[in-house]
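Since the structure is predicted, the reported quantities are computational estimates derived from the model, not experimental observations. One-based numbering, in listed order, for ligands and for the atoms of each.
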Amino acid sequence: MKFQTKPTDVTKIECDLVTVFAMQEKGKEGFVLSDDAKKIDAALGGMLTEIATFQDFEATPGNTILIHTHGKIGAMRTMLVGLGNVADLTIADTHAVAATIGRKSVGMAVKSLAVSLPHEFTSRLGHQNAAQTMVEGLMLGTYTFSKHKSTDAQKKEKHIEEVFLLTTPPKLDAVASGIGVGEAVSQAVLFARDLVNEPPSVTTPTYLAHVAKNLVKEKEQFACEILTPKEMKILGMEALLSIARGSDEEPRFIKLTYKGGGKKTVCLVGKGITFDTGGLSLKDSKNMETMKLDMAGAAVLLGVFSVLSILKPKLTVVGLISATENMPGPKAVKPGDIVRAMNGKTIEILNTDAEGRVVLADALSYAGVKIKADAIIDLATLTGACMVALGEDIAGMFTDDETLGAQLKDAAKDSGEHIWGLPLVKEYKEHLKSEIADVKNISSTRYGGAINGALFLQEFAPKGVPWAHLDIAGPAYAEKDAPLTPKGGTGFGVRMILQYLQNLR
Ligand code: BES
Ligand code: MN
Ligand code: ZN
């Protein structure tokens, strides 16, 4: 999909499909056409209004009408797209509308698409953001993962080849830079989706390490360090090593660095369980089915790092990934085993399926010992309980640092992702006390599972450094198809984190 901005008149642009918008007005039924929609309506002798009225068209977000233009305008077809009440329109709504346009276009074999950005919309978002959002919606909504299908099946897939964003000459630069950012952000999201969707026997810890190494190749501001089990042992990463013991695949600890200048250092930490069987506390087959998703946190980091050289935020970003399989092999860690994390704290492992917090204990300890960070953010598909609490579309956010919490909430809202703060109540720490070690890896109560997971991690996050934990178990993977998130890995978190990093500069 190639994007271009054009100052061409909406009735003159030659393409397979031109889309124009209609809005709702508070308290009124029906629709109001945008200026460009009116132009097309006039060129078609009022046919757009006529058909929309005849069909009782409501301009709710994503509602559409398609008309063949029979050579009366440059485009073969025109689609009227509802935007709803523009005053209520969020970035997430806008992404969904753009994704719907993309999917409908693919459905009707559109190769060249023109979208006119209405002023009701650009005046609310600004031209750059409007363009960025449109690009993201189109790219993310039409994503497919078909590399493992037969070439015949792949050939049948339809793709939009070029997209023209129509605007006026003074706004060409703003729209062009919106396109640039939108393309970079989408590229990062798709990078993360591909990694999650790839089969788990491909995306092993070693594979993730290769991906990380490749990302920094010949890039001056970047570095990558990979720790093997031997090196982990020297550092005292017994927690990560214990989870890896049940597998034939070697674990890897991955460190990525980007130096973009500025004074601040942000440390991102990702859970990279490349397959979670539950270990000896084995999952049942239904719950194991999607467990290739358990490296989604790591995938977010790799996606983010893949575009930092394009977006160039002015700060240092360090990425840490604990990568291992969680398997029930003969050497597997057993319920009742005690292991020591890199910060010296001992963990009684009572349930080997609560492995994410165990491997992150070493990553957070490492962050405390080795990195002078101004903020640490971990992303982890940590608990099913967080999905119970917030559903499939919302990540749980845990932090004691109000500033960091507010920054992440703003970044989520501005990028169209959903997060919700859950409390790190110290009273619940009681539930993690072990009789024979410093902490145990499961709670003594079955309630509040997402909070207990977060409180466990807090034991290993360095004191005095703002830290936030994002439990992305729900939104990391779409079990059903939605406009912006086709079934499978969603790349959730990439947009929010990129927005957060850019806001910090
Ligand atoms: N990877 C899972 C969490 C998960 C579940 C992510 C469903 C995405 C979808 C994690 O390792 C896990 O198994 N957590 C346990 C923790 C429990 C044993 C305390 C869970 O949520 O059941
Ligand atoms: Mn697990
Ligand atoms: Zn897991």
Side-chain angles (χ1 to χ4, degrees), residues 196-197 200 203 205 208 239-240 242-244 246-247 251 269-300 321-328 332-337 347-363 378-396 422 428 431-432 434 439-457 469-480 485 487-493:
V196 172
N197 289 334
T203 53
L208 292 187
L240 170 55
S242 74
I243 299 300
S247 170
V269 177
K271 171 174 173 181
I273 299 294
T274 59
F275 194 72
D276 182 11
T277 67
L280 287 174
S281 314
L282 199 65
K283 286 182 186 293
D284 60 44
S285 47
K286 200 72 215 146
N287 281 313
M288 208 189 292
E289 222 173 77
T290 56
M291 278 305 130
K292 66 176 183 184
L293 67 74
D294 219 15
M295 37 61 79
V300 170
I321 295 171
S322 287
T324 177
E325 286 187 337
N326 185 24
M327 298 285 282
V333 68
K334 303 169 191 74
D337 274 342
I347 305 166
E348 185 183 12
I349 295 181
L350 288 174
N351 189 321
T352 62
D353 198 11
E355 84 298 339
R357 59 195 74 181
V358 177
V359 304
L360 289 173
D362 274 333
D378 77 71
L379 294 109
T381 46
L382 204 71
T383 66
C386 200
M387 302 174 73
V388 174
L390 297 175
E392 279 184 88
D393 296 335
I394 307 169
L422 293 172
Y428 286 9
H431 304 149
L432 294 171
S434 159
V439 278
K440 56 184 181 186
N441 81 328
I442 49 164
S443 161
S444 18
T445 124
R446 63 193 192 88
Y447 304 114
I451 298 176
N452 296 330
L455 284 171
F456 179 94
L457 294 180
H469 158 57
L470 292 164
D471 192 333
I472 59 170
Y477 199 85
E479 288 189 31
K480 55 180 195 307
T485 49
K487 216 172 154 171
T490 60
F492 179 96

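In this structure, atom 21 (O) of ligand 1 lies nearest to the protein heavy atom Gly384 N, 2.7 Å. In terms of protein heavy-atom proximity, atom 2 (C) of ligand 1 is closest to Asp276 OD2, 3.6 Å. Looking only at heavy atoms of the protein, atom 15 (C) of ligand 1 is closest to Asp353 O, 4.0 Å. Of the protein's heavy atoms, Met291 CE, 3.5 Å lies nearest to atom 7 (C) of ligand 1. The protein heavy-atom contact nearest to atom 18 (C) of ligand 1 is Asn351 ND2, 3.6 Å. Scanning the protein for heavy atoms near atom 10 (C) of ligand 1, the closest one is Leu382 O, 3.3 Å. Among protein heavy atoms, the minimum distance from atom 17 (C) of ligand 1 is reached at Ala354 CB, 4.3 Å.
For the Zn ion (ligand 3), the N/O/S atoms of Lys271 include one lying under 2.8 Å. Look at Asp353 and the Zn ion (ligand 3): no N/O/S atom of the residue is under 2.8 Å from the metal.
For Lys283 and Asp353, the salt-bridge test passes: some basic side-chain N is under 4.0 Å from an acidic carboxylate O.
When all heavy atoms of Ala296 and Ala476 are compared, the closest pair comes out as CB-CB, 3.7 Å. The two residues Gly449 and Thr383 come nearest to each other via the heavy atoms O-CG2, 3.8 Å. Nearest heavy-atom pair across Leu432 and Phe456 is CD1-N, 3.5 Å. The minimum heavy-atom distance between Leu350 and Pro335, with the atom names listed, is O-CB, 3.3 Å. Closest of all the heavy-atom pairs between Glu325 and Pro205 is N-CG, 4.0 Å. Nearest approach of Thr381 to Lys271, heavy atoms of both residues: O-NZ, 2.9 Å.
For Ser242 (side chain) and Ala239 (main-chain N/O), a donor-acceptor pair under 3.5 Å exists by modelled atom type. Of the possible donor and acceptor atoms, none in the side chain of Asp378 sits under 3.5 Å from a partner among the backbone N and O of Ala363. For the pair Thr485 (side chain) and Ala478 (backbone), a donor-acceptor distance under 3.5 Å is absent. The main-chain N or O of Gly489 is found under 3.5 Å from a side-chain atom of Asn197 such that the two form a donor-acceptor pair. Between the side chain of Asp471 and the backbone N or O of Leu382, at least one donor-acceptor pair lies under 3.5 Å. Of the possible polar contacts, none joining the Asp276 side chain to the Ile273 backbone as a donor-acceptor pair under 3.5 Å is found. Not one N or O on the side chain of Asp337 forms a donor-acceptor pair closer than 3.5 Å with the backbone of Val333. When atom types are taken as modelled, the side chain of Asn441 and the backbone of Ala354 share a donor-acceptor pair closer than 3.5 angstrom. A distance-only check finds a donor-acceptor pair linking the side chain of Asn326 to the backbone of Thr352 [under 3.5 Å].
Listed by atom number, the atoms of ligand 1 under 4.0 Å from Ala473 heavy atoms are 6 (C), 8 (C). Close approach to Ile442 involves these atoms of ligand 1, each under 4.0 Å from a residue heavy atom: 19 (C). Contact atoms of ligand 1 toward Lys283: 12 (C), 13 (O) (distance under 4.0 Å to a heavy atom of the residue). Every atom of ligand 1 with a heavy atom of Glu355 under 4.0 Å away is listed here by number and element: 11 (O).
The minimum distance between the Zn ion (ligand 3) and any N, O or S atom of Asp276 involves atom OD2. If you look at Glu355 and ask which of its N, O or S atoms sits nearest the Zn ion (ligand 3), the answer is OE2. Closest approach between the Zn ion (ligand 3) and any N/O/S atom of Asp294 involves OD2.
Between Met387 and ligand 1, no N or O atom pair is found at a separation short of 3.5 Å. Of the polar atoms of Arg357, none of the N or O atoms is found under 3.5 Å from an N or O of ligand 1, judged by distance alone.
Under the 4.5 Å side-chain criterion, counting only non-hydrogen atoms from C-beta, Lys292 is not in contact with Thr203.
In this structure, atom 13 (O) of ligand 1 is in close contact with the protein, since a protein heavy atom lies within 4.0 Å of it.
In Lys271, the part holding a heavy atom less than 4.0 Å from any atom of ligand 1 is the side chain. Contacts between Asp294 and ligand 1 below 4.0 angstrom, taking non-hydrogen atoms only, involve the side chain exclusively. If you look at Leu293 next to ligand 1, the close heavy atoms, those under 4.0 Å, all belong to the side chain.
For the Mn ion (ligand 2), the nearby protein N/O/S atoms, meaning those under 2.8 Å, are Asp276 OD2, Asp353 O, Asp353 OD1, Glu355 OE1.
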